[in-house]
Protein chains: 2
Amino acid sequence: MSVQERRARERAKLRSEILSAARELFVRDGYENFSMRKLAEKIEYSPTTIYLYFSDKADLLSQLCEDSFAKLVQQLETIASLTTDSVDGLRASMLAYVEFGLKNPSNYQAIFMLPDAMLAAKPGRRLAPEGAGMRVVDCLGRAVQDCMRKGKLRKADAEGTAQAIWAALHGIHFVAGGTSGVSVGPPRSTSGPSR
Amino acid sequence: MSVQERRARERAKLRSEILSAARELFVRDGYENFSMRKLAEKIEYSPTTIYLYFSDKADLLSQLCEDSFAKLVQQLETIASLTTDSVDGLRASMLAYVEFGLKNPSNYQAIFMLPDAMLAAKPGRRLAPEGAGMRVVDCLGRAVQDCMRKGKLRKADAEGTAQAIWAALHGIHFVAGGTSGVSVGPPRSTSGPSR
DNA sequence: GTGCCATACTTAACGCAGTTAGGTTAATGT
DNA sequence: ACATTAACCTAACTGCGTTAAGTATGGCAC
């Protein structure tokens, strides 16, 4: 029995080495300069070895992004647990979201900006919306619900509101990431809380 | 002189044939299934011929998207010229923007969602923000200014507001294009105009 | 210890991609 | 009639994702 366990451990280890090398390459060079062959060279294995651990390129990248997003979810949940004021919590979550996108552009792009078919080449994959991406919206939804419960936000469909916020955040990320003048930062105090 | 003109005309004609064939392929099959060779086969020329008209794949796609966006700009300007009420005009523009994105997903993706490096592989290309994309924001900005002039919108930085709206629209497009429940349509009358 | 078998990994290859170099043809200007 | 030039093509290079088939290795039954 022990030998199987060791083998499984080694297998898992190499798998995660591949993933982390892939992340490094992907983040450094971006999607369009990432290739299985370069990854293979980096990990000093033959290209085909990767296919013993991932069914194809899309699968590998999906795993990568899922992992990345799990981190964001974790951050959001930490924020939620640390914050006392619900509005502050929502604000911090929103900020964390945009900052995450800006600090992990490759991963953000991979999850949210690449055409579906690129990541989910095979039918039924489609990780972004149903996987960790949705968990992010859930986090926002909880923050929104919190605000509504405390009367800080007009009561309405929380999930819809969360999606609207997410939409805005996604847009903000795009604009802020570009060359525009929109800046991302703590709320300026020139105007009181709206709505 | 006339012979040069004829040549130039023919040249321009083939160029636009290439572009329209490319658009067809690109819209039908999406970015990741588009290839210069397939395009060549469709137009019944050798692959290398395309390179006599476009410096590379990124160049070709840039032209394609620039054209597409010119159409959107045109639509937006028509709307602006037809509308009497400035708020209606802004609303119609916003709706037109999102609808354009939904009805031309491949082009929209190409311009706004693909990583920069894919379209602007060579330095100094970067069509999306500085080209037609920016003209779209200008359109929105004019609509916003109109609303502000008429007192329908709190007076503030018009361009900044336009960018914020654009950001939200971009996000809405993304969410609405996915599997979420957010719907795009004329404003529901359950709540009065906000702000 | 010997033979067996699964597992891990590799080499070689296929088909397709973007792109370039060099050659061919045909129309034009002289 | 001849030289030039533009338009276009064939052939090839490099790199890609992926598959098929092979080789070594290390644990196991006898």
Side-chain angles (χ1 to χ4, degrees), chain A residues 1-19 21-22 25-26 29-64 110 114-115 117-123 125, chain B residues 1-19 21-22 25-26 29-64 110 114-115 117-123 125:
Chain A
M1 264 301 187
S2 166
V3 73
Q4 278 183 23
E5 284 170 18
R6 198 203 67 219
R7 290 238 246 236
R9 232 174 21 239
E10 282 170 359
R11 208 182 141 75
K13 191 187 171 197
L14 180 49
R15 190 190 134 99
S16 94
E17 270 171 32
I18 294 175
L19 268 179
L25 279 185
F26 190 71
D29 302 341
Y31 176 85
E32 66 281 2
N33 292 114
F34 174 85
S35 85
M36 298 296 261
R37 295 174 117 107
K38 285 181 194 161
L39 173 57
E41 196 175 9
K42 185 172 176 65
I43 61 176
E44 295 178 297
Y45 281 85
S46 129
T48 54
T49 298
I50 303 174
Y51 289 85
L52 300 173
Y53 294 84
F54 302 92
S55 69
D56 54 23
K57 190 184 183 183
D59 180 34
L60 194 157
L61 290 180
S62 292
Q63 305 287 338
L64 206 59
L114 285 178
M118 246 159 171
L119 269 186
K122 303 218 169 136
R125 181 93 47 62
Chain B
M1 264 301 183
S2 164
V3 73
Q4 277 183 22
E5 285 171 16
R6 198 203 68 217
R7 289 239 249 234
R9 232 171 23 236
E10 282 171 357
R11 210 182 140 75
K13 192 187 171 199
L14 180 49
R15 191 191 135 99
S16 94
E17 268 171 35
I18 294 175
L19 268 181
L25 279 186
F26 189 70
D29 302 341
Y31 175 85
E32 65 280 2
N33 292 114
F34 174 86
S35 85
M36 298 297 260
R37 297 177 116 105
K38 284 180 194 163
L39 173 57
E41 197 176 8
K42 184 174 177 65
I43 60 176
E44 296 179 293
Y45 280 87
S46 127
T48 54
T49 297
I50 302 173
Y51 289 86
L52 300 173
Y53 294 84
F54 303 93
S55 69
D56 54 23
K57 190 184 181 183
D59 180 34
L60 194 159
L61 290 181
S62 292
Q63 304 287 339
L64 205 59
L114 285 178
M118 246 160 172
L119 268 187
K122 304 220 167 134
R125 182 92 48 63

Margin query: If you compare every side-chain N and O of B:Arg37 against the phosphate oxygens of C:dG18 (OP1, OP2), does one of them come in below 4.0 Å?
Written below: no
Note to self: Below the 4.0 Å mark, does C:dT28 have OP1 or OP2 next to a side-chain nitrogen or oxygen of B:Arg6?
What the structure shows: yes
Item checked: Ion pair A:Glu10/A:Arg6, N-O distance below 4.0 Å -> yes
Check: So do B:Phe34 and B:Asp29 actually touch side chain to side chain, heavy atoms under 4.5 Å?
Finding: no
Margin query: Would you say A:Arg11 places a side-chain N or O within less than 4.0 Å of OP1 or OP2 belonging to C:dA8?
Written below: yes
Check: Hey, is the side chain of A:Ser46 poking within less than 4.0 Å of OP1 or OP2 on C:dC9, counting only N and O atoms?
Finding: no
Note to self: Considering every strand and a 4.0 Å limit on heavy-atom distances, what is the contact class for B:Tyr51: base, sugar-phosphate, or nothing?
What the structure shows: base
Notebook entry, point to check: Roughly, in whole Å, what's the span from CD in A:Glu17 to P in C:dC9?
Noted result: 10 Å
Note to self: Any side-chain N or O of B:Thr49 below 4.0 angstrom from OP1/OP2 of D:dC9?
What the structure shows: yes
Next item on the list: Evaluate the side-chain proximity of B:Leu60 to B:Lys57: yes if any heavy-atom separation is below 4.5 Å, no if none is.
Entry: no
Check: Of B:Pro47 and A:Glu44, whose closest DNA chain C nucleotide lies nearer the 5' terminus?
Finding: A:Glu44
Margin query: For a quick test of reading the model: is some side-chain N or O of B:Tyr53 closer than 4.0 Å to OP1 or OP2 of D:dC8?
Written below: yes
Notebook entry, point to check: Got A:Leu19 and A:Tyr53 here, is their nearest side-chain heavy-atom distance under 4.5 Å?
Noted result: no
Notebook entry, point to check: Which of the following nucleotides, D:dG17, D:dT19, D:dA11, is nearest to the side chain of A:Ser35?
Noted result: D:dG17
Notebook entry, point to check: C:dG18 P sits how many Å from B:Glu41 CD, rounded?
Noted result: 13 Å
Notebook entry, point to check: Base, sugar-phosphate, or nothing for B:Leu14, non-hydrogen atoms under 4.0 angstrom?
Noted result: sugar-phosphate
Item checked: Between D:dC8 (P) and B:Arg7 (CZ): distance, integer Å -> 10 Å
Notebook entry, point to check: How long is the line joining NZ of A:Lys13 and P of C:dT7, in whole Å?
Noted result: 21 Å
Next item on the list: Would you kindly give the CD1-to-P distance between B:Ile50 and D:dC9, to the nearest whole Å?
Entry: 10 Å
Next item on the list: Specify the separation, in whole Å, of atom OH of A:Tyr31 and atom P of D:dC16.
Entry: 13 Å
Notebook entry, point to check: For the pair made of CE in B:Met36 and P in D:dC13, what is the distance, rounded to whole Å?
Noted result: 21 Å
Margin query: Taking the side chain as everything from C-beta on, heavy atoms only, tell me whether B:Tyr45 gets closer than 4.5 Å to B:Ile50.
Written below: no
Check: Roughly how many Å is it from OH in A:Tyr45 to C1' in C:dT10, rounded to a whole number?
Finding: 12 Å
